[in-house]
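In what follows, a single structure is set out as structure tokens and then discussed.
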Amino acid sequence: MRLSDSQGKWRRLALIGLAGILLALLLHRQLLPRINAASGPDTVKTVTLASGLEHPWSMAFLPDGSLLITERSGTLRRFAGGRLQDEPITGLPPIAVKGQGGLMDVAIHPDFSDNRWVYLSYAAPGKGGIGTDVGRGRLQGNRLIDWQTLFRLEPKTSARQHFGSRLVFDRHGYLFITLGDRGDRHRAQDLNDHAGSIIRLHDDGRIPRDNPFVGKPGARPEIYSYGHRNLQGAALHPKTGQLWTHEHGPQGGDEINAIVAGANHGWPIITYGKEYGTGFSIGEGTHKAGMLQPLHYWVPSIAPSGMAFYTAEQFHNWQGNLLVGSLKSELLVRLELDGNKIINEHRILQNRLGRIRDVRQGPDGFIYLLTDENNGELIRLEPL
């Protein structure tokens, strides 16, 4: 049967459209890093150092070789002499344990050996509900003394999710604090609201004069970047010193970003994620002028948490790689880099350890993980 001119025209347009879709999918696939299962040099030995932790969240190594570990339930523990100490560290501030909130990150001052400052992020009560606060105390024996609250997220609400939060000191001694949008996505675009932003402070809580929004009406001067959903990974690039972060997307759209002062990272106006349940699009698409693109994203979501650049020699094939823990997929992601471009992705330890909450490189060059379970574990990775 011969097609009419009109039918032939529409058929040609349909074929052209299909070809365009296939070409776009091919290019998209080529632009994404390859995903490889564990094999060869990615095979590792796991050593369980401690168990019985209650949803451990973060860890920080002390100069004496011991380790501080936070539990979301509000307890700060010490791992020393090859064992988890029975008595928790005291002197912590009031902590609101609710939903995803509780005691979260721990970091030590760059000059800890001299000043003994330990920094904590935690969900704290306040006017209107709860939100992420950050403070510090001096570690004296098994107690924090001279407690100082340095930052309070405002405004606080009753929401139970998206607290963030990681703490990172940069090479100049500034403290970065990552914050979630508290489950109210539109807050991430409001510069008069801390939620969904990255905060930059001096080590004592003062606001740096060169922060990008200092002196700008309607903007909080602590904010360094904004348009974030829920950041639970942060680390300094070992060569450039730039802060890299990752954040949870909704249904897909987990992101890795290189943070730029004053930048809008887009959430919820642009995202690679979709609405839960319906799968509908969010915002205006994946790109918009004036909003930064992620360096890398995951669809479907892996629910990333914890992040570290590997710079030691124990895993010599991993030097310069970025390590990311996964909660949902229960694995460790190893990302190979070429400058700021992620060129290859390896997924290891899948379904072997459970939900990986934190990833750190130890002073001994081994890799340390925390699993986010009721019976959470501290695990060391060693090469076979």
Side-chain angles (χ1 to χ4, degrees), residues 35-38 42-61 67-73 77 79 84 100 102-107 121 162-168 178 180 230-235 244-249 252 254-256 296-298 300-310 312 314-315 318 321-336 342 345-362 365-384:
I35 298 177
N36 299 313
D42 282 330
T43 302
V44 297
K45 175 183 178 182
T46 62
V47 179
T48 300
L49 301 177
S51 58
L53 292 159
E54 186 174 355
H55 292 287
W57 218 94
S58 180
M59 53 185 151
F61 288 91
L67 189 63
L68 298 178
I69 300 173
T70 61
E71 294 176 309
R72 196 178 68 210
S73 56
R77 309 289 297 276
F79 179 84
L84 188 65
Q100 296 173 359
L103 181 57
M104 293 176 287
D105 209 8
V106 56
S121 68
H162 297 189
F163 293 86
S165 158
R166 294 292 175 183
L167 306 174
V168 176
T178 73
N230 191 24
L231 303 112
Q232 291 191 345
W244 283 35
T245 66
H246 68 57
E247 61 190 82
H248 292 268
D254 302 335
E255 295 181 0
I256 292 178
H296 182 69
Y297 62 91
W298 285 277
S301 171
I302 65 166
S305 187
M307 180 174 175
F309 287 94
Y310 188 75
Q314 298 285 9
F315 297 86
W318 295 13
N321 289 186
L322 183 63
L323 304 177
V324 174
S326 166
L327 299 167
K328 177 182 175 183
S329 300
E330 299 187 356
L331 53 82
L332 181 68
V333 176
R334 178 172 71 87
L335 298 167
E336 295 182 53
I342 294 169
E345 177 176 329
H346 302 264
R347 298 186 173 192
I348 59 177
L349 300 172
Q350 187 155 16
N351 299 322
R352 288 178 55 185
L353 303 177
R355 292 160 49 88
I356 296 177
R357 171 63 73 180
D358 199 14
V359 183
R360 305 280 174 162
Q361 176 182 305
F366 294 121
I367 296 163
Y368 291 77
L369 308 176
L370 289 174
T371 62
D372 183 8
E373 311 285 351
N374 283 324
N375 182 25
E377 295 182 330
L378 169 65
I379 296 169
R380 184 173 64 220
L381 302 187
E382 302 174 1
L384 286 176

Checklist line | Closest non-hydrogen atom pair between T178 and L231, with its separation | finding: OG1-O, 3.2 Å
Next item on the list: Considering non-hydrogen atoms only, spot the tightest contact between A60 and A107 and give its length.
Entry: CB-CA, 4.3 Å
Check: Nearest 0.5 Å, what's the CD-CD distance between E247 and E255?
Finding: 4.5 Å
Item checked: Spacing of Y368 atom OH and L378 atom CG [to the nearest 0.5 Å] -> 7.5 Å
Note to self: If you apply the rule side-chain contact (heavy atoms from CB on, under 4.5 Å), what do you find for L370 with W57, and how did you get there?
What the structure shows: CA-CA 7 Å; L370 289 174; W57 218 94; over 6 Å; no
Margin query: Would you call the rings of H248 and H246 parallel, tilted or perpendicular, taking 30° and 60° as the class edges?
Written below: perpendicular
Margin query: Do E373 and R357 make a side-chain contact, defined as non-hydrogen atoms from C-beta onward lying under 4.5 Å apart?
Written below: no
Next item on the list: Only counting residues at least two apart or in another chain, list the ones meeting salt bridge (charged side-chain N to carboxylate O under 4.0 Å, His left out) with R166.
Entry: D105, D358
Note to self: For the CG atom of L322 and the CD atom of E336, what is their distance to the nearest 0.5 Å?
What the structure shows: 11.5 Å
Notebook entry, point to check: Could you give the distance from OG (S326) to CD1 (I348), rounded to the nearest 0.5 Å?
Noted result: 12.0 Å
Check: Are L103 and E71 close enough, and set up right, to give a side-chain contact (heavy atoms from CB on, under 4.5 Å), and what steps lead you there?
Finding: CA-CA 6 Å; L103 181 57; E71 294 176 309; 5.9 Å; no
Checklist line | Minimum-distance pair of heavy atoms, taken over all atoms of I379 and L353 | finding: CD1-CD2, 3.7 Å
Note to self: Quick check: do L369 and V359 have side-chain heavy atoms less than 4.5 Å from each other?
What the structure shows: yes
Next item on the list: Not counting sequence neighbours, which residues clear salt bridge (charged side-chain N to carboxylate O under 4.0 Å, His left out) with R352? List them please.
Entry: none
Margin query: Restricting to salt bridge (charged side-chain N to carboxylate O under 4.0 Å, His left out), what partner residues turn up for R355, sequence neighbours left out?
Written below: D372
Note to self: Please find the pair of heavy atoms, one from F315 and one from Y310, that lie closest to each other, and give the distance.
What the structure shows: N-OH, 3.0 Å
Margin query: Would the distance check show the side chain of N375 and the main-chain N or O of G52 forming a donor-acceptor pair, the cut-off being under 3.5 Å?
Written below: yes
Check: Which atom names give the shortest non-hydrogen contact between A50 and L84, and what distance separates them?
Finding: CB-CB, 4.2 Å
Check: Quick one: are T48 and T46 in side-chain contact, heavy atoms under 4.5 Å?
Finding: no
Checklist line | CD on Q361 to CZ on F61, rounded to 0.5 Å | finding: 9.0 Å
Next item on the list: Please test L332 against L381 for side-chain contact (heavy atoms from CB on, under 4.5 Å), starting from the C-alpha separation and ending with a verdict.
Entry: CA-CA 11 Å; L332 181 68; L381 302 187; 3.8 Å; yes
Margin query: So, taking the atom named CD in E54 and the one named CG in N374, what distance separates them when rounded to the nearest 0.5 Å?
Written below: 7.0 Å
Margin query: With a 4.5 Å cut-off on side-chain heavy atoms, are R360 and L67 touching?
Written below: no
Item checked: Any donor-acceptor pair under 3.5 Å from T70 side chain to M104 backbone -> yes
Check: Which atoms form the tightest heavy-atom contact between L49 and R380, and what is the distance?
Finding: CD2-NH1, 3.8 Å
Next item on the list: For R72 and Q100, test the side chains for any donor-to-acceptor distance below 3.5 angstrom and give the result as yes or no.
Entry: no
Next item on the list: For this output row, return yes or no: ring centroids of H296 and W298 closer than 6.0 angstrom.
Entry: yes
